[in-house]
Amino acid sequence: MSSTAAPGSVVGRPPGRRLPSLKGGWGAIPFVAPALAVLLFFLVVPVVWTIAMSFNTGAGLRFRRWVGFDNFERLLTRDGRFLDTDEWPWSGALINNIRWLVVYTLLCLILGLITAVLATRVRYEAVFKAIIFIPLAISGVAVALIWRFVYSPDPSLGVLNAAIDTLGGDPVSWLGQENTVNYAIILAYVWASTGFVMVVLSAALKGISQEVIEAARTDGASEWQIFRRIQFPLLSLPIAVITVWLIINVIKVFDIVYIMTNGGPGGASRVIAFSYYVETFQNGQGGYGAAVAVVMLLLIVPVMLLNIRRFRSEAIQA
Amino acid sequence: MAEVTFENVSKIYPDGTRAVSSIDLEIRDGEFMVLVGPSGCGKTTALRMVAGLEEISEGELKIGDRVVNNVAPRNRDIAMVFQSYALYPHLTVYDNIAFGLRLRKMAKDEIDKRVRDAARVLDLEPFLDRKPRALSGGQRQRVAMGRAIVRQPQAFLMDEPLSNLDAKLRVQMRAEISQLQDRLGTTTIYVTHDQVEAMTMGDRVAVMRKGEIQQVASPQELYDSPVNLFVGGFIGSPAMNLLEGKLERANGGMAVAIGSQKLELGEGALRSRPALKSFDGREVIVGIRPEHLEDAELATDVPAGRRLKGQVALTEALGAELIVYVNTDAKPAVTDEVRELARDAGAAQPAGAAMGDAEGAALIGRFGARSRVRTGHTAEVAVDVDGLHFFDPSSGMGIYDGTTEEGT
Ligand SMILES: Nc1ncnc2c1ncn2[C@@H]1O[C@H](COP(=O)(O)OP(=O)(O)OP(=O)(O)O)[C@@H](O)[C@H]1O
Ligand SMILES: [Mg+2]
């Protein structure tokens, strides 16, 4: 009945000797070469090209004159539409995107979690899930158009203003004023993504053994305590995975903004990807646009690194 | 600690399945009660109703003096040990055991004391910081026990807690759980389909079949006086031989004809079963436990009228004893109960009938190790007629002092 394993020994890691190790073996090259070639062509080349372009003025998509860090300097200090730190609260595409990051990610997680837990407790689970899931099946363009109608300032078109009108209020131009426009778009996008979060989390919830829940119940846990102390901790892994997915989603968000407001009013709803699009394709400043893209890349890298680290630690634990 | 009382309790699932049917059962304070029966007889359902995990369709369930039909599981103050152990996978062994105590907002040092006490008793001290994933089956089982005992609940409920362990560990844990329960004196309901577990662990055993309780009695009483064919066939290993027989008068006493052979019943059999007289000339089902058969050469004092002849079909030497299958022309009793018992044992038909030829059944006997019987040869089998059991073929009830005895 005593432990034979040495204290602190890692369970589950196979003894290194048994499997032939590919580490450092050139014999592996033929096997990974095709994948490497694809990666090189479609990932490494464009990334390197973009980074190079960000140090150039660029004309359309061609290199012209090398300008060092000029693009970045202008982007981060002199471009009020990208980052305006002159007066509080700060504004600009970068700040908007951070707002997206916080509000969108949290709302999606909270709503996704709530609906996932509710789904396991309602009678018509399949119907309930389908309703939440449907928006995910609608293309981003259609989502944007639908919500443009919802937010329309004309009460005969906009559902929201129709409701306000019935209650006797004055119609609000949700997408036409700086202080509401970002949250209005974010909500539309949350509506479109919550279904996915719910489906993933409810699958994970289903994976928790019913007997474990019953054990907690007989151990004296209330339903809230079961959620708080059993289900939620056991969901931490899927929640982390989903969070990364949401964050990456949010950093590159573009289509919904483009269609709902085209960045307006007066650039108030621009996001990073939108700035990239405008600078590169509308203003023809390939170098300046590339600098925007590099900033976006720098934001994504830490998230990816965190993700990779976690996958590693899981591979060891599992 | 408290008694647990079933009063006419039934469980009807939404699809109409009557999993538990009007059971009456009183489990005394501190008693170790075993629910045993073949698969699907409603044991788990009965236990889950006590835990509050399954709604009670009819009747009343009491823990102590309190009717708990509508009390939530967490307010029933019972602890359950699941077959799968159901440990919390994200918590260490320590936290698993402490979980229920923390929910009760118990003081930290009291929790620590209880957890460490339990860990010591259960030999879990070296593993307190491990996650369940890194434990063996036996260790997990003990964590599940620990989680139950630290709570010091009114009652323990255990659903086949040993069925995932290998045979050796099972025997060891069987003894440990018995001792633990003895020391703690906590009322325990223990579900198993293993009659050996039931016999060795239970203060009393309730044998269930198709949602109904057949008999509640001490292990010895179940063995000695099974109330019906089902209990008789279920308790004991190898199972009782069940044969068609006919009672008749012989030499002033009674005898039972089994196939073409006759066994004379002594005074003892009649004295303990006066009702046998009324079956004179009628068919009965005769139950012979394998341990009441012996090689006649090793039991020379048994008179000729209490011997059966047959051909040895198979012998299994177990060292201390010899299991012998003897073919006779006796017909195996085949009733619903017998078929169900066979199904539960995993055979298409009763073991004896399977071994026997088209005409008759093979008797299974436990002979002394010194027996010289050999496969294919004729053997004479001495029968301890005082140990015979008799059942009414029409009702399946045991024949004792009344006409047929009613179930307890
Ligand atoms: N949720 C349910 N709905 C309908 N019938 C059910 C349900 N759960 C169990 N049953 C039925 O109730 C009967 C009793 O089931 P139960 O699980 O109590 O058996 P058991 O005695 O524990 O068997 P085992 O030894 O195989 O665990 C079975 O016939 C089973 O099919
Ligand atoms: Mg069961």
Side-chain angles (χ1 to χ4, degrees), chain A residues 1-15 113 117 120-125 201 203-241 310 313-318, chain B residues 47-48 50-54 72-91 95-106 122-127 129-136 138-139 142-144 147-148 150-151 153 155-157 159 169 172 176:
Chain A
M1 215 149 299
S2 68
S3 152
T4 47
S9 73
V10 180
V11 179
R13 186 188 271 170
L113 198 55
V117 172
T120 61
R121 286 163 194 253
V122 296
R123 188 184 296 236
Y124 298 102
E125 184 181 341
L201 293 184
L205 267 178
K206 287 250 161 82
I208 299 175
S209 143
Q210 192 56 35
E211 285 203 338
V212 168
I213 309 263
E214 287 176 346
R217 209 165 272 156
T218 50
D219 246 353
S222 64
E223 295 307 299
W224 165 249
Q225 284 167 325
I226 288 173
F227 175 74
R228 178 56 202 78
R229 288 165 174 268
I230 307 288
Q231 291 176 310
F232 188 74
L234 287 175
L235 285 181
S236 63
L237 181 67
I239 287 177
V241 171
R310 224 208 28 252
S313 70
E314 262 151 41
I316 289 169
Q317 273 183 19
Chain B
L47 196 70
R48 287 170 59 86
V50 181
L53 298 171
E54 213 69 73
R74 69 195 176 99
N75 297 326
R76 291 196 185 189
D77 196 17
I78 42 82
M80 184 144 170
V81 177
F82 292 80
Q83 181 175 359
S84 67
Y85 315 140
L87 302 181
Y88 311 122
H90 58 300
L91 300 180
D95 293 335
N96 259 282
I97 298 178
F99 187 83
L101 303 181
R102 294 206 171 120
L103 291 178
R104 281 172 183 70
K105 304 247 169 352
M106 189 178 280
L122 295 165
D123 270 326
L124 285 170
E125 281 168 314
F127 313 116
D129 293 327
R130 288 213 202 160
K131 296 271 176 73
R133 175 175 66 218
L135 297 177
S136 74
Q139 290 157 355
R142 290 202 298 274
V143 177
R147 197 167 61 178
V150 288
R151 295 250 323 272
F156 292 138
L157 310 177
D159 191 359
L169 201 50
Q172 183 192 335
E176 286 183 17

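Every chain is numbered from 1 and lettered A, B, ... according to where its sequence line falls, protein lines coming before strand lines.
- In this structure, CG on A:D219 lies 12.0 Å from CZ on B:R102, to the nearest 0.5 angstrom.
- Contacts between B:L91 and chain A at a heavy-atom distance below 4.5 Å are absent for every atom of the residue.
- If you tally non-hydrogen atom pairs under 4.5 Å between each of B:G52, B:G100, B:A148 and chain A, the highest count goes to B:G100.
- Between A:A221 and B:F99, the closest heavy-atom pair is CB-CE2, 4.3 Å.
- Interface check for chain A: of the options B:D77, B:L103, B:I78, the most heavy-atom pairs under 4.5 Å are formed by B:L103.
- In this structure, B:A86 and A:A215 approach most closely via the heavy-atom pair O-CB, 3.8 Å.
- A heavy-atom distance below 4.5 Å is not found between the side chains of A:E214 and B:M80.
- For the set B:R74, B:R48, B:K131, the count of heavy-atom pairs under 4.5 angstrom toward chain A peaks at B:R74.
- The two atoms that bring B:L53 and A:R217 nearest to each other are CD2-CD, 4.3 Å, heavy atoms only.
- When the heavy atoms of residues 223-233 of chain A are compared with those of chain B, the residues falling under 4.5 Å are A:Q225, A:R229, A:I230, A:P233, listed by number.
- B:R104 approaches A:G220 most closely through the heavy-atom pair NH2-CA, 4.0 Å.
- The most heavy-atom pairs under 4.5 Å with chain A, out of B:G138, B:A51, B:P89, come from B:P89.
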